[in-house]
Amino acid sequence: MAHGMNTMPTARRGRKYYKEGPIENGGLGGACSVIFIVILLIIPPIILFGSEISRHTRYIALSDALDSDIVELNHGVVSGRALINLRPGTLVHGTSNHIDTISSDPDMKVAIPGALTLRRNTEYCQWQEIQSQSCETCNRTVKAKDGSTKQESYQCNCVKEYNYVKTWRSRRINSLLFDQPGAHYNPQRDPMPSQTFVGDDAKLTFHEGILEDKLHHHNNNKKGAIEAQLDPNMLSNGVRNQPYRRIEFVPNGRAPPPSFFTRFFSFFGTTKRTRYEPVQMLKDTPDSPAAIHDNFVYVGQGGFFFSPYESATSSKLFNWFAQYLEGSLFDWQIGDIVGLASCTAGDVRFGYEVQDPTVVSVLGQLGQHSNALQITPRTMNGIGNEKSATIGLVHSGGHSAQAMIIAEDSDSKRQALFIRGLLFLWAVPVSRLAGVAFGRELGDSSFTVQVEGALGIFFTLLGAVWLLIWGESYGAKETIMVFFLGGIFGYIACKSAAKKGAGRWWHAVWCRVAKWANAPPGWRVEDSYVASSSKVGGSIGGGRSKMS
């Protein structure tokens with residue numbers, strides 16, 4: 001018998017384990033841990049390189065668009081017939097307050113008029129395993145190859161506990177590796193994954209002088225107009241600065257009376273984000289593929305379509321057998337009673353959100369489609385990735401072409417700065433590896449020295465990436481400055497850091513990586529714990545002389 005959609009979360013307590021002695025990763029587990037640490041150290045520079053290539057490509061594409069001759073659709077200088085005769089690829093820009101479009105989801109037979117984009121957000125009822133571990137701190141003496149010793153702290157006598165929470169989540173969770181997968185089984189059904197749909201036949205009308213009218217807060221639709229069709233690829237990134245609005249289907253599309261909390265928060269200027277549509281629009285959904293094959297029905301409760309999970313008899317028997325093997329078949333808890341009002345693992349629900357601006361500004365190139373004017377994205381060939389090299393902009397509100405290009409460049413900068421910020425976090429452990437390679441222990445140094453070491457690695461790598469991508473034609477001064485800062489900070493950190501035991505640099509690096517991987521002491525025997533008296537400042541200075 002099918003059940004309804006419940007929203008109450010439920011929790012269950014799992015098993016608890018106590019392990020006496022040190023917590024170390026030996027054997028195959030230790031090798032996998034070391035490999036995982038190495039991968040974590042290698043991936044961030046690769047991500048940075050890809051991010052900087054995208055930033056470079058976006059800058060070139062936007063600069064080319066800014067220097068191009070852009071035909072304004074709202075100036076009325078060129079008629080629609082004359083625009084069709086222009087050279088294909090000509091950039092055009094316009095602002096429209098007349099948007100004729102419908103975005104639809106064919107799987108559910110839902111169509112929303114006036115929506116440039118329609119987003120289906122799917123949620124899954126799933127168990128999540130939560131691990132918690134508490135350990136004591138113990139000390140031991142480790143010996144180097146030359147006989148010198150050092151005190152080392154490590155985790156020991158740990159208690160590990162597992163707990164489980166079942167609720168609606170935006171992704172599926174594989175329960176195969178759970179401590180108790182039988183009692184907390186997550187079906188992996190995904191009949192309606194999250195997806196974004198765009199209007200296939202969006203038509204925009206560009207009235208003469210509409211941009212100036214918007215800027216001066218008045219409108220005049222009696223002027224000349226040009227109609228154009230918006231290529232669906234123009235909406236691949238959505239509408240910039242247009243928030244998504246959740247859709248609810250209610251009788252006659254009439255919004256329910258606001259609650260006390262809604263009225264209270266509206267006093268502070270909270271924007272209304274829900275769009276109400278008549279429930280009569282769903283008359284075709286019972287015949288949709290999603291309803292026929294997966295029993296999706298509209299249940300409301302926030303605008304959700306719901307499909308219950310129905311387990312086959314053989315699946316139930318196998319699950320009970322798995323619970324018997326793990327000892328949870330008769331492990332009844334209060335959470336099981338509360339769970340009667342919770343969703344069933346495997347249930348699926350989804351709702352819709354739309355971007356439905358009243359005014360949009362577009363920047364793209366002219367295209368030909370069925371003898372009608374069409375605006376399509378323009379892609380520069382031969383530079384970077386296609387997405388960054390494409391100019392197909394749709395912004396909410398009235399904006400000039402120059403303002404749209406500047407806004408896109410600002411978005412590109414922010415994305416690059418975010419990746420650079422993550423790189424600085426990566427530079428902290430890498431600077432410590434570089435320190436042990438040069439006989440220095442940044443972890444035992446002052447906070448200032450540790451920051452200097454991280455900045456040295458960060459600026460040096462960033463400068464090298466800039467030099468490879470941008471070359472000497474763009475931002476040469478910035479690249480030289482970044483290299484200079486990297487060398488200065490690296491040199492100061494190396495001179496000021498605490499000295500470490502002498503030995504082979506590559507062996508010291510391996511020992512540090514193995515320690516981070518929680519490998520046993522036998523895997524990472526240092527050459528010596530006696531501080532080195534060698535000077536490394538000269539070699540670093542010599543290495544930097546080629547960059548100055």
Side-chain angles (χ1 to χ4, degrees), residues 5 96-124 170 189-205 227-240 242-255 272-307 348-360 362 364 367 369-370 372-377 392 394-396:
M5 188 185 80
S96 173
N97 64 348
H98 188 276
I99 306 169
D100 182 13
T101 181
I102 295 179
S103 295
S104 60
D105 180 358
D107 295 326
M108 200 70 229
K109 290 189 176 181
V110 171
I112 308 298
L116 286 175
T117 63
L118 174 67
R119 186 166 65 186
R120 181 173 70 202
N121 296 321
T122 305
E123 296 181 355
Y124 312 88
S170 59
R189 63 190 293 253
D190 191 14
M192 294 283 280
S194 297
Q195 189 175 349
T196 299
F197 308 91
V198 300
D200 292 333
D201 298 314
K203 295 181 181 179
L204 307 180
T205 302
E227 291 187 355
Q229 198 170 40
L230 196 64
D231 186 276
N233 293 321
M234 291 283 292
L235 297 168
S236 59
N237 295 322
V239 182
R240 187 183 184 273
Q242 177 64 32
Y244 276 93
R245 295 205 295 165
R246 180 166 52 92
I247 295 180
E248 289 193 34
F249 298 92
V250 294
N252 301 318
R254 186 176 301 172
K272 181 180 177 182
R273 293 292 179 87
T274 303
R275 172 173 168 172
Y276 296 95
E277 292 290 345
V279 72
Q280 293 83 352
M281 293 178 61
L282 303 179
K283 59 184 178 63
D284 294 330
T285 57
D287 299 325
S288 66
I292 294 174
H293 300 299
D294 299 293
N295 299 322
F296 275 99
V297 294
Y298 182 71
V299 295
Q301 301 184 42
F304 286 107
F305 293 80
F306 173 71
S307 171
V348 179
R349 71 180 185 180
F350 66 84
Y352 291 106
E353 292 179 325
V354 293
Q355 285 184 311
D356 52 354
T358 57
V359 179
V360 294
V362 299
H369 180 71
S370 302
L373 182 65
Q374 187 183 42
I375 302 176
T376 65
V394 181
H395 292 191
S396 176

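- Electrostatic pairing of D287 and K109 does not count as a salt bridge here, judged by no charged N lying under 4.0 Å from a carboxylate O.
- Using a 4.5 Å heavy-atom cutoff, the side chains of L235 and T196 are not in contact.
- Closest of all the heavy-atom pairs between Q242 and S396 is OE1-OG, 2.9 Å.
- By the 30° and 60° cut-offs, the orientation of the rings of F249 relative to Y298 is perpendicular.
- Remark: H395 NE2 to R240 CZ distance equals 5.0 Å, nearest 0.5 Å.
- Interatomic distance, OG1 of T122 versus CZ of F304, reported as 10.0 Å (0.5 Å rounding).
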Could you walk me through whether V279 and V250 pass side chain to side chain contact (heavy atoms under 4.5 Å, CB included), step by step? CA-CA 5 Å; V279 72; V250 294; 5.9 Å; no
Take R189 and S307 through the side chain to side chain contact (heavy atoms under 4.5 Å, CB included) test and state the conclusion after the steps. CA-CA 11 Å; R189 63 190 293 253; S307 171; 3.0 Å; yes
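- Between A291 and P286, the shortest heavy-atom distance links the atoms CB-O, 3.7 Å.
- Using a 4.5 Å heavy-atom threshold, the side chains of H293 and P191 count as separate.
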For the pair L373 and E227, evaluate side chain to side chain contact (heavy atoms under 4.5 Å, CB included) and give the outcome as yes or no after the intermediate values. CA-CA 7 Å; L373 182 65; E227 291 187 355; over 6 Å; no
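- Once rounded to the nearest 0.5 Å, the distance linking CG of L204 with CD1 of I99 reads 6.0 Å.
- Closest approach of M234 to P377, counting heavy atoms only: SD-N, 3.5 Å.
- Under the 3.5 Å distance criterion, the side-chain polar atoms of S104 are left unmatched by any main-chain donor or acceptor of P106.
- Across all non-hydrogen atoms, the minimal contact from I292 to N295 is O-OD1, 4.4 Å.
- Looking at S170 and N121, their side chains never come closer than 4.5 Å, going by heavy atoms from C-beta outward.
- Atom CE of residue M108 and atom OH of residue Y352 lie 6.5 Å apart, to the nearest 0.5 angstrom.
- Summarising the geometry of G238 relative to T117, their closest heavy-atom pair is CA-CG2, 4.1 Å, with the distance given to 0.1 Å.
- Side-chain contact between F296 and T285 is absent, with no heavy atoms from C-beta onward closer than 4.5 Å.
- Remark: the backbone N or O of R246 is not paired with any side-chain donor or acceptor of T274 at under 3.5 angstrom.
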Before giving the answer on side chain to side chain contact (heavy atoms under 4.5 Å, CB included), spell out for D201 and I102 the whole-Å C-alpha distance, their side-chain angles and the decisive distance to 0.1 Å. CA-CA 7 Å; D201 298 314; I102 295 179; over 6 Å; no
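- Contact annotation: the side chain of V348 never approaches that of D190 to less than 4.5 Å [non-hydrogen atoms, C-beta and beyond].
- Atom CG of D231 is separated from atom CD1 of I375 by 10.0 Å, given to the nearest 0.5 angstrom.
- Between M281 and P113, the shortest heavy-atom distance links the atoms CE-CD, 3.9 Å.
- A side-chain donor-acceptor contact under 3.5 Å links Q355 to the backbone of V239.
- Counting heavy atoms from C-beta outward, D107 and R120 have side chains that approach closer than 4.5 Å.
- The distance from atom CG of L116 to atom CG of L230, rounded to the nearest 0.5 Å, is 7.0 Å.
- F305 pairs in a side chain to side chain contact (heavy atoms under 4.5 Å, CB included) with only one of the listed residues (D105, L282, V299), which is L282.
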